[in-house]
There are 2 protein chains.
Amino acid sequence: MEPVDEKTTGSAATGRKPRTRDAEATKARILDAAKREFAKNGLGGARVDVIAEKARANKRMIYHYFESKEGLFQTILENAYVDIRTAEQKLNLDHLAPKEALERLVRFTWDYYLKNPEFITLVNSENLHRAKHLKKSEVVKVYSRKFVSMVATILDRGVEAGVFRAGIDPVQLNITIAAIGYYYLTNRFTGSIVFERDLMAKDALEERLRFNIDTILRLVSA
Amino acid sequence: MEPVDEKTTGSAATGRKPRTRDAEATKARILDAAKREFAKNGLGGARVDVIAEKARANKRMIYHYFESKEGLFQTILENAYVDIRTAEQKLNLDHLAPKEALERLVRFTWDYYLKNPEFITLVNSENLHRAKHLKKSEVVKVYSRKFVSMVATILDRGVEAGVFRAGIDPVQLNITIAAIGYYYLTNRFTGSIVFERDLMAKDALEERLRFNIDTILRLVSA
DNA sequence: TCGCTAATGCACTAACTGGTTACTTTTTAG
DNA sequence: CTAAAAAGTAACCAGTTAGTGCATTAGCGA
């Protein structure tokens with residue numbers, strides 16, 4: 001009869017018994033629901049009432065924890081960036097040969113976009129709003145710096161090993177790696193119509209990943 | 001869409017004295033204002049009242065000519081696709097050597113996105129709505145087919161001339177050419193923050209175009 | 001000149017939307 | 001045990017939004 005109630009938050013950290021009222025859990029539910037709703041409809045199209053309902057929370061709670069709809073959006077956007085940058089850092093590419101490191105990064109980027117489609121939509125929405133929310137975030141910049149230097153290191157190692165050509169701007173390379181995956185996936189609906197093929201079919205996805213790895217390796221090869 | 005009849009159309013085109021009532025001119029003003037408003041705020045964020053005001057037309061006219069907000073959006077989206085595909089056809093790439101033809105296409109795509117930023121935003125908005133409007137358009141498919149075969153021809157000619165490698169999928173190449181320009185420009189706001197440089201500075205744009213041409217040529221080279 | 005049709009304008013509404021007020025209930029520090 | 005702080009709720013509000021009903025007017029063919 002008694003479900004072993006997994007303590008999602010707070011109580012787990014402090015070791016106290018679960019609460020009927022749980023601020024952290026409510027916050028987390030709101031964040032999760034909001035991420036979906038914002039990703040599905042954009043900042044403008046998202047409805048606060050819908051978020052509250054999906055989160056099984058009262059609308060008042062959203063304003064209690066996040067001040068405003070935009071405050072909520074900003075939090076979610078920041079989390080999204082921190083999430084992907086953290087995952088990238090965990091790749092440990094420095095232990096791999098330059099070519100393998102780069103291939104792994106291309107593969108990771110593709111897989112991440114595929115598994116976290118809301119990241120793409122959130123970024124699109126933020127760009128529609130001229131990055132006004134991201135501008136306020138200092139954390140994102142710190143994480144990004146580490147990311148760029150990660151790719152720069154791979155390039156340097158490749159040049160030294162004689163497998164990559166010299167003089168490639170790591171930022172341009174980063175943008176290109178993101179671009180060839182991001183564009184394909186964000187425009188998968190119009191793309192499937194324009195090119196008259198299902199871009200999301202299993203083999204189409206595999207083919208695209210292979211093509212992307214090939215594109216990047218040819219781009220950097222000595 | 002339908003060829004504009006010189007006799008019945010606007011004074012602007014024919015040079016005849018202006019009418020107080022001019023259906024075609026009003027329609028055109030609505031279309032123009034709506035393109036801007038949709039591009040700026042997306043389908044959901046665009047306001048019909050704002051469109052009417054910008055077009056110096058009564059809101060009633062929008063519903064008279066385009067039935068609904070979505071009907072208006074659909075018309076604008078379709079026009080946008082027809083416009084870019086028509087411009088591409090005018091490039092006359094068949095008269096150029098394969099490498100030059102491809103470089104010219106990359107350059108054109110980049111310039112077109114730069115000069116017509118609303119195209120990108122409209123496409124993004126349409127993908128947020130899972131391409132429900134584009135699905136209804138048959139014209140777009142016809143134009144797209146011609147576009148793909150244009151690139152296929154360049155590839156074939158390049159292979160025959162021994163300058164391109166064989167076996168490249170023209171659709172994948174098309175997607176990649178679009179991607180490396182589109183991604184950079186659509187994410188110019190978040191990108192400028194993440195990479196801590198002004199991606200829209202004149203020299204940054206020139207550098208990116210050079211990088212993109214290089215990327216594509218390396219991708220196809222034998 | 002007349003009458004019909006298409007173009008236009010104004011005022012209105014029903015549904016929504018982000019945000020708030022006023023209140024109850026639970027948790028926890030002392 | 002108690003009081004205050006925190007968590008949670010429902011009803012509500014003022015402004016906005018896409019879309020309309022209806023009257024008016026200009027232009028065109030006969």
Side-chain angles (χ1 to χ4, degrees), chain A residues 5 7-31 33-34 37-38 40-76 125 129 133, chain B residues 2 5-12 14 16-31 33-34 37-38 40-76 125 129 133:
Chain A
D5 194 8
K7 298 162 242 173
T8 34
T9 39
S11 42
T14 55
R16 275 181 279 101
K17 47 188 161 177
R19 286 183 273 171
T20 345
R21 292 190 166 192
D22 190 331
E24 293 303 316
T26 305
K27 239 191 240 184
R29 282 203 317 279
I30 291 173
L31 246 16
E37 174 72 2
F38 281 133
K40 196 176 170 190
N41 303 308
L43 172 53
R47 298 292 161 239
V48 179
D49 291 270
V50 173
I51 294 172
E53 193 184 8
K54 276 190 190 169
R56 285 167 288 129
N58 192 281
K59 187 163 60 151
R60 194 69 190 77
M61 289 293 95
I62 292 174
Y63 289 93
H64 186 257
Y65 291 124
F66 303 99
E67 293 226 65
S68 64
K69 186 188 182 184
E70 293 210 22
L72 178 57
F73 182 79
Q74 193 175 325
T75 305
I76 278 156
S125 198
H129 294 270
H133 309 94
Chain B
E2 64 269 58
D5 192 335
E6 283 284 306
K7 282 178 184 173
T8 54
T9 331
S11 34
T14 57
R16 274 183 286 105
K17 44 188 162 175
R19 281 189 267 169
T20 345
R21 289 187 170 194
D22 190 331
E24 293 302 318
T26 305
K27 240 190 239 184
R29 282 205 317 281
I30 291 173
L31 245 18
E37 173 72 1
F38 282 133
K40 197 176 171 188
N41 302 308
L43 170 54
R47 298 292 160 240
V48 178
D49 290 272
V50 173
I51 294 172
E53 193 183 10
K54 276 191 190 169
R56 285 168 289 129
N58 192 282
K59 187 166 60 153
R60 198 71 190 76
M61 291 293 91
I62 292 174
Y63 290 93
H64 184 55
Y65 291 125
F66 303 100
E67 294 229 55
S68 66
K69 188 188 182 184
E70 294 211 24
L72 178 58
F73 182 80
Q74 192 176 326
T75 305
I76 278 157
S125 198
H129 293 270
H133 310 93

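Here is the naming used below: chain letters follow the sequence lines, and residue numbers restart at 1 for every chain.
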What is the separation between atom [atom1] on [X] and atom [atom2] on [N], rounded to the nearest whole Å?
X: A:L43; N: C:dG18; atom1: CG; atom2: C1'; answer: 12 Å
X: A:R47; N: C:dA15; atom1: CZ; atom2: P; answer: 17 Å
X: A:E70; N: C:dT17; atom1: CD; atom2: P; answer: 17 Å
X: B:I62; N: C:dG9; atom1: CD1; atom2: C1'; answer: 13 Å
X: B:H64; N: D:dT24; atom1: NE2; atom2: P; answer: 18 Å
X: A:K27; N: D:dA6; atom1: NZ; atom2: P; answer: 12 Å
X: B:R29; N: C:dA7; atom1: CZ; atom2: P; answer: 13 Å
X: B:M61; N: D:dG19; atom1: CE; atom2: C1'; answer: 14 Å

Over all strands shown, is B:A46 touching base, sugar-phosphate only, or nothing at heavy-atom distances under 4.0 angstrom?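 Sugar-phosphate contact only - B:A46 comes under 4.0 Å of backbone atoms but never of a base.
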
At under 4.0 Å between heavy atoms, what does B:F66 touch on the DNA or RNA strands: base, sugar-phosphate, or nothing?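 Nothing, no nucleic acid heavy atom in range.
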
Choosing from C:dG19, C:dG9, D:dG19, which nucleotide comes nearest the side chain of B:N58?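 The answer is C:dG9.
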
Counting heavy atoms from C-beta on, name the nucleotide in C:dC10, D:dT17, C:dG19 closest to the side chain of A:K59.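 Within the option list, the nearest is C:dG19.
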
Check against side chain to side chain contact (heavy atoms under 4.5 Å, CB included), A:T26 and A:R29: CA-CA 5 Å; A:T26 305; A:R29 282 203 317 279; 3.9 Å; yes

Keeping the roles fixed (side chain from A:E37, backbone from A:R47), state whether a donor-acceptor pair exists under 3.5 Å.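 Here the side-chain-to-backbone pair exists.
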
Donor-acceptor check, side chain of A:K69 to backbone of A:L43, threshold 3.5 angstrom: yes or no?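 Such a contact is found between A:K69 side chain and A:L43 backbone.
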
Interatomic distance, B:E53 atom CD to B:R56 atom CZ [nearest 0.5 angstrom]: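 These two atoms lie 11.5 Å from each other.
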
For [N], does OP1 or OP2 lie under 4.0 Å from any side-chain N or O of [X]?
X: A:T26; N: D:dG8; result: yes
X: B:Y65; N: C:dT8; result: yes
X: B:R60; N: C:dC10; result: no

Would you say the base of C:dG19 and the side-chain of A:K69 have a donor-acceptor pair closer than 3.5 Å?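 No such pair is found, so the answer is no.
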
So among B:Y63, B:F66, B:Y65, which one has a side chain to side chain contact (heavy atoms under 4.5 Å, CB included) with B:L72?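 Per the side chain to side chain contact (heavy atoms under 4.5 Å, CB included) rule, the option paired with B:L72 is B:F66, out of B:Y63, B:F66, B:Y65.
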
